Chemist: 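Input: one structure, supplied below.
Values below: every heavy atom of this structure, side chains too, minus hydrogens, waters and symmetry copies. Each chain gets a letter, A, B and so on, in the order its sequence line appears, and its residues count up from 1. As the structure is a computational prediction, the values presented were derived from the model and not from experiment.
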Amino acid sequence: MIYQGKQKIWSDYQKEIPSDGWFYVRSCIRQSFFPASEKYFLAICRDLLGKDIYESEHHTTCGGIAYHCDTIPQETAMTIVARQFALMTEAGYKNLVTSCITSFGNYTEILETWREFPELEARIRENLWKATRREFEKPEYVAHASDLVYKFRNEIAERAKYRLVDVRTGKPLKIVEHIGCHYSKMFPHKGIGGAEYPCVLSGMVDSWGGEVIDYPERRHCCGFGFRQYMVKANRGYSVSNTYKKFESMEPYHPDAIITNCPGCPYFLDRWQYVISEQTGKTYGQNGFGIPVFTYEELAGLVLGYDPWDLGLQIHQVAVEPLLDKMGVEYDPDAKYLGINKEKLMKPALPSCLKCF
Amino acid sequence: MDSQTVLIIGGGVAGMEAARQLRLLGCEPVIVEKSDHLGGHVAGWHKLFPDMLSASSLIERMSESLDGITVYLKTQVASMNRLKDGFSVMLTNGTGLLCRAVLIASGFRLFEASRKEEYGYGVYDRVITNSDLEYWFNTGEDDRIPDNLSNIAFVHCVGSRDLKAGNPQCSKVCCMTAVKQAIEMKERFPDAEIWCFYMDLRLFGKKYEDFYINAQRDYGVHFVRGRVSEVSEDIDGRVILKAEDTLAGRQVKLKADLLVLMAGMLCNEDTAGLASMVRAEVDSDGFLRSRDNIFRINESSRPGIFFAGACTGTKTVPETVAEARAAALDIRNYLNGND
Amino acid sequence: MRERFATGFDPFVLPFLVGMIFVLGYCAYGIFRILFQLSRQDRRKFLLSLITPSTALKNIWDIFANCLLHVKLWKRNRMLGFMHSSIAFGWFMIILLGHIEVMVYCPERVRLLYYPIFFNYFVAENESTIGGAVLFFLMDFFLLLILTGIALAMIKRVRSRIFGMRRTTRPSALDRVGLYSLWAIFPLRLLAESFTAHISGGSFLTIPANWVFRQFLGNDLNMLPTWWAYSIALGVFMCVLPFTRYMHIPAEMMLIPMRNAGLKIRHPRKGFAKVEVLSCPGCGVCIDACPMSVKKVNIKDCTVYLNRQIRRGNEKRIEEISDKCLLCGKCEAVCQVGVEGPKLRIAQRASRRYGLTPDYSGIDVAPLVAAAKGSKVLYFSGCMTRLTPSIGKAVTSLMHKAGVDFVWMDRDEGLCCGRPLLTAGRIDAAIGLIHKNEEIILSSGADTLVLSCPICYKIFTERYSLPGVRVVNYTDYFSELVEHGRLHLTKGDVCYVYHDPCELGRGCGIYDSPRKLIGQAAGIAEAPKTREESICCGGSLGSLTLDFSQREAMTRNALKNLYESRADAIATACPLCLTTFSRYSERPVRDLAEVLDASCSG
Amino acid sequence: MIDFGFGLSRSSAVRLDEVDLTLYRKLEKLEPGVRTCMSCGSCTATCTAGPWSGMSVRKVILDLQRERASAEGHGEVRKMLSACMLCGKCSMVCPRGINTRHLILSLCRIYEEKK
């Protein structure tokens, strides 16, 4: 691998990211699966870095899931998106930041489509007006939340309590980065680093002291694939794709996986359990899996937030081996305590994949 | 103007042959070459199909025939102005000259293979181009080529017939070059399996089909119809190619020790600048526009401006040589007023 | 008359005796072995034929005509015929006369095997008696005849071209031993008899020789050594005979009655096939006949070498030779003893084991049956005709002109006739296809099946069972239509040379009707090699291994023969010949149907 | 092991560098012409058995070159081969002059050796 070659490509794919004044739209999936991630993204941006990030309780799904599941036509998705833009306009913001990769892809795709077909945009404006009596301005910038974290990666590194380094050996941790398909595969110039070698996550890993590993199936989809997962009969296809990725990364012995998509961390995490139950195979050390994190979770860990506050206990794959490597202080007994420290039940342990 | 001076822009095969012919026809050719050597791309090549002629000996022979002709190396045209019956030219080395006619023989440039990011040229250790391979044939120097090779892959049409790479045209010579290089590699690595990934095999010229049959029959080169979609690097540094075998209708993967990208031919980046100096036209494919592509391929739409070789489109060496001779004759007729 | 030795014995007869007993024992054992290898029905059939007077008589005549007189060879090549019959018949007569002598002069010695052979040593008789004069004259006459034959044989060895043979076989080492001992036998007999002529009598050859010898060899010391030498030559010849091509002498005498009994090759090596292989005299006539021999590399793939390799059991070569052959049948047509080269090869191919067996049971013939219904006359064009649509078009046109109501049953789709499978030795598979085609044809309700492809025609006539359906080749069919006045041919200006397709000519014996038809439609010329001797076009499906490039020389050679006729164009009656010739021919090549159609006004 | 109602499936991609070419190499020895196939499909187009079975010499050759080592028995190839009627049209039309009949017969024998 020639690092300079990648740098050369990265220089071709840099995008302008305003540093402040963002209208934030949450992700449907992440609010359920990783609510702490979005909470800590806002916390990091607002409290730590002092940025102006606004969110509206009126915003809805962007329609991306339904669109990718072929259950609604694109015009419907466009009208939903137009409403979000209207909310942003009403709130007086010009920069849109999305929590979800599919939303990011959806917004980008719609804006690009409108650019090519202005008559379509006019029709959507009409649709929105008829339906909601709202009007909107198109955002000046659309960014994904990971773009922002990438932008602030060095500020985060400066404030870091821990680094992505194995405290026992002093060696950098080996991190697999997994980019959501809808981030830049459709519009390479909309992603930091392009589509082939995006650096949005690898940049974070680099600045936080870790070592990015580049394995053959790096580009491959996590296996979620909307329709492939949503229909139970197709789930074998979904898990087979995930399996392919793990088989490909296995020889590199990664310590963790960082992702920037709602579905990816969920499936890369949960499918490790399914694979272990079906094949008896686990990919981490000593029977553990490879822990999978959202970029906010990893940023939170680096910044020293409590892992259980970050919601890491709801992961399938045990995160403790990584916490130990990083030297993160945590209370194992607090793992399954509720908000008021009341004891929640401990989940049943899988038969094969080692968990706590 | 009584001068018989003809400015030849470009000292590749086309420029050199045109200069030789022009002198034989009684003109005074002057060659301006931007690099530090004559021979253009061919000078860096190893062997030329279909006769496997040594490229360096060809260039040497052609250079010898230029004895006494003014050649400015490391020089470009700074400005060029049309006079009543000729051109006033200023070169970057400060020389000014008056000439009756200009022959543009500025050739082509190789597609920058790193622009096909998915193939990882410049990123992966074992990815080289056709031109790198010729350089290695000549010098034996390239760290990317290991001593033991068990699988070698050639990918045709890199930067050709590819809208996304900005060049929808066929580069014409790459298929044959790939077949030639595949044979040459098999001769060097008899135990290696060689795989050529092609979209269409465009082997149109004299003896080209013989090469193809030989490659199949005598060298056992595998031809896989399908464009490589992406390349990744394995933990041991080898490259993994993904493609569809479109004839079998199945996805194929190949772990190769060396990947050779058949970079296509594009118009030289400074050709458009040259064209604008003399108000010659650029065609839709980026190459210079001939008066027509059948009968007057050597002529521009402007009097006194002539073309030869790959500045008007992808050409093989013999085609370029033939065009250079034709252009010399056209120029001579132009100077004599026999248009 | 007096016997020179009361014992009637001398040790010099021992070599002969050993050889004689060996060869007789060997042959007796061989006969039993072969009889044992035959199937029960075949054995019964054979033994019954031996006691059936008509076959028995035919056997005797055939053996006399072929083994002794070489009638067939005479017809083909007089020099070779004379050479062979002089030796064979002469030798036979000498043996016969020897026995007569013994029976006349010393009948009590008749049981001694060697007495008739060495009569002149043991018995002193004078040529002055009438019996002696006649017998000795005949003896010398036949000996002279044989010696002429031997002399010719020696010349042939050195210069075979004098005998019209371009190429001849290379004898093996043992063959050479046999050959030289055979050559030696008769000159030695002359010497031996000459040395004893003043004692035992002689005639026009031996007495002068005796006189000459006595001029400078004044004693009788030479007598015994020459008789020894003669006996040794005989002994050696008979001892090596089973292992040389001379085995054909006894084998052919077995082959003739077996063939007359109607036996066929059922096993690639045993029984009838074995007798055929042993009957091959190795004369090499098949080499020049073989269309492949135009290329030197293929010479060793002719039938004579197949026989040799089968005798040696060289499996690799047997397979190569068997698979390469075009199965044109010309070697069989020219073979003097009637070795069936193609059938022998097919039998070898059929003995091969395959891991995959074709299965056509899944083919639903219903659409084909539907396509074949609607008329009493069916036309089956066959697979190859799809690549030569001009044939189908011409046949259709002629049928329309003759007002024949017919259905082209495989116009859109069809099944192969099975002949290519059969020639490849995949007999069961071929039968599978045959059954499918039979089903289609019988369900169609037609009563006449016209075939334009001789490859199909051959298997349809030989292997298909189509009760109530007349299978007819288009040459015969169109001849009939012309005879019945339904087709009117006008003689055109073009002169055609007709090429006999292997499968139609040698394969099915149809030579005259195409010629007659062409003669009515155009001019006709003959090539030097024609009819049974026609040269295969080289495109035959019979060969399994010859590839495209190897066939070119054969096609060009066959064309050369046709060009010699000086005709304007070539006509043939096989789609494969048409395609193959068209590829290289300098003159136009037409199918018979095209020739007829062009001259038929309807 | 838990039955999830769905399971892992193997990648259908052919690993060219891991393909088991034993059969193909044997065929190459018996019928070297096989190497020169350029997949023009003339053989398939003309095949007498084609309409009844999907027989395609081109596909047979390609399948041999691409079949995965673990694929059992080359089912498709066997099926196609056993439909061949050996009529020889493919040999007639092959622009590269490949002796396709010999190729097919050789393959039928190679399968025998495999047992």
Side-chain angles (χ1 to χ4, degrees), chain B residues 149-155 175 179 186 191-203 208-226 228-230 232 234 236 238-259, chain D residues 9-45 54-71 74-77 79-80 94-100 102-103:
Chain B
L149 292 173
S150 48
N151 282 286
I152 305 170
F154 285 83
V155 177
C175 280
V179 174
K186 186 76 179 178
D191 297 330
E193 298 289 340
I194 313 243
W195 307 83
C196 283
F197 291 89
Y198 67 95
M199 296 198 288
D200 289 303
L201 279 175
R202 299 191 158 187
L203 298 161
Y208 291 10
E209 191 71 6
D210 296 350
F211 265 80
Y212 177 31
I213 296 175
N214 283 354
Q216 287 183 304
R217 189 188 50 210
D218 305 333
Y219 295 92
V221 175
H222 307 273
F223 288 88
V224 184
R225 186 178 179 276
V228 170
S229 69
E230 60 187 46
S232 342
D234 202 14
D236 54 9
R238 289 189 285 175
V239 283
I240 298 175
L241 286 73
K242 276 191 196 174
E244 185 196 354
D245 180 342
T246 57
L247 297 171
R250 296 176 73 174
Q251 196 193 33
V252 293
K253 275 192 199 177
L254 174 69
K255 193 185 267 195
D257 304 286
L258 184 67
L259 168 61
Chain D
S9 47
R10 294 186 66 90
S11 164
S12 62
V14 180
R15 286 291 304 263
L16 291 176
D17 49 314
E18 287 174 6
V19 167
D20 179 5
L21 289 176
T22 322
L23 280 179
Y24 179 69
R25 296 285 183 229
K26 273 189 187 170
L27 181 63
E28 263 184 340
K29 278 218 178 72
L30 292 170
E31 185 45 60
V34 65
R35 282 179 157 199
T36 60
C37 173
M38 52 178 177
S39 287
C40 71
S42 305
C43 46
T44 315
M55 167 61 176
S56 160
V57 182
R58 176 193 75 80
K59 241 175 118 190
V60 166
I61 295 173
L62 202 62
D63 274 5
L64 277 184
Q65 292 170 335
R66 300 282 182 266
E67 199 65 80
R68 285 170 56 120
S70 57
H74 297 254
E76 182 70 8
V77 175
K79 211 180 128 233
M80 286 194 277
C94 178
R96 282 283 174 85
I98 302 172
N99 188 344
T100 45
H102 187 239
L103 190 153

Chemist: What part of Val224(B) lies closer than 4.5 angstrom to a heavy atom of chain D: side chain, backbone, both or neither?
Modeler: both

Chemist: What heavy-atom pair brings Phe223(B) and Arg66(D) nearest, and what distance separates the two atoms?
Modeler: O-NH2, 3.7 Å

Chemist: Is it true that Arg217(B) and Glu28(D) make a salt bridge, defined as a side-chain N closer than 4.0 Å to a carboxylate O?
Modeler: no

Chemist: Honestly, is Arg35(D) close enough over Tyr212(B), meaning NZ or CZ under 6.0 Å from the six-membered ring centre and within 45° of the axis?
Modeler: no

Chemist: About how many Å separate CG of Leu201(B) and OG of Ser39(D), when rounded to the nearest 0.5 Å?
Modeler: 10.5 Å

Chemist: Please determine whether the number of non-hydrogen atoms from other residues, nucleotides or ligands lying under 6.0 Å from atom NZ of Lys186(B) exceeds 12.
Modeler: yes

Chemist: Drop me the distance from Arg96(D)'s CZ to Ile213(B)'s CD1, to the nearest 0.5 angstrom.
Modeler: 4.0 Å

Chemist: Backbone N or O of Lys255(B) within a donor-acceptor pair of the Asp17(D) side chain at under 3.5 Å?
Modeler: yes

Chemist: Any non-hydrogen side-chain atom of Leu16(D) less than 4.5 Å from a side-chain atom of Lys253(B)?
Modeler: no

Chemist: Kindly check if the number of other-residue, nucleotide or ligand heavy atoms within 6.0 Å of NZ (Lys79(D)) is above 12?
Modeler: no

Chemist: To the nearest 0.5 Å, what is the distance between CE on Met38(D) and CG on Leu247(B)?
Modeler: 12.0 Å

Chemist: Relative to chain D, which of Asn214(B), Leu241(B), Asp245(B), Asn151(B) shows the most heavy atom pairs under 4.5 Å?
Modeler: Asp245(B)

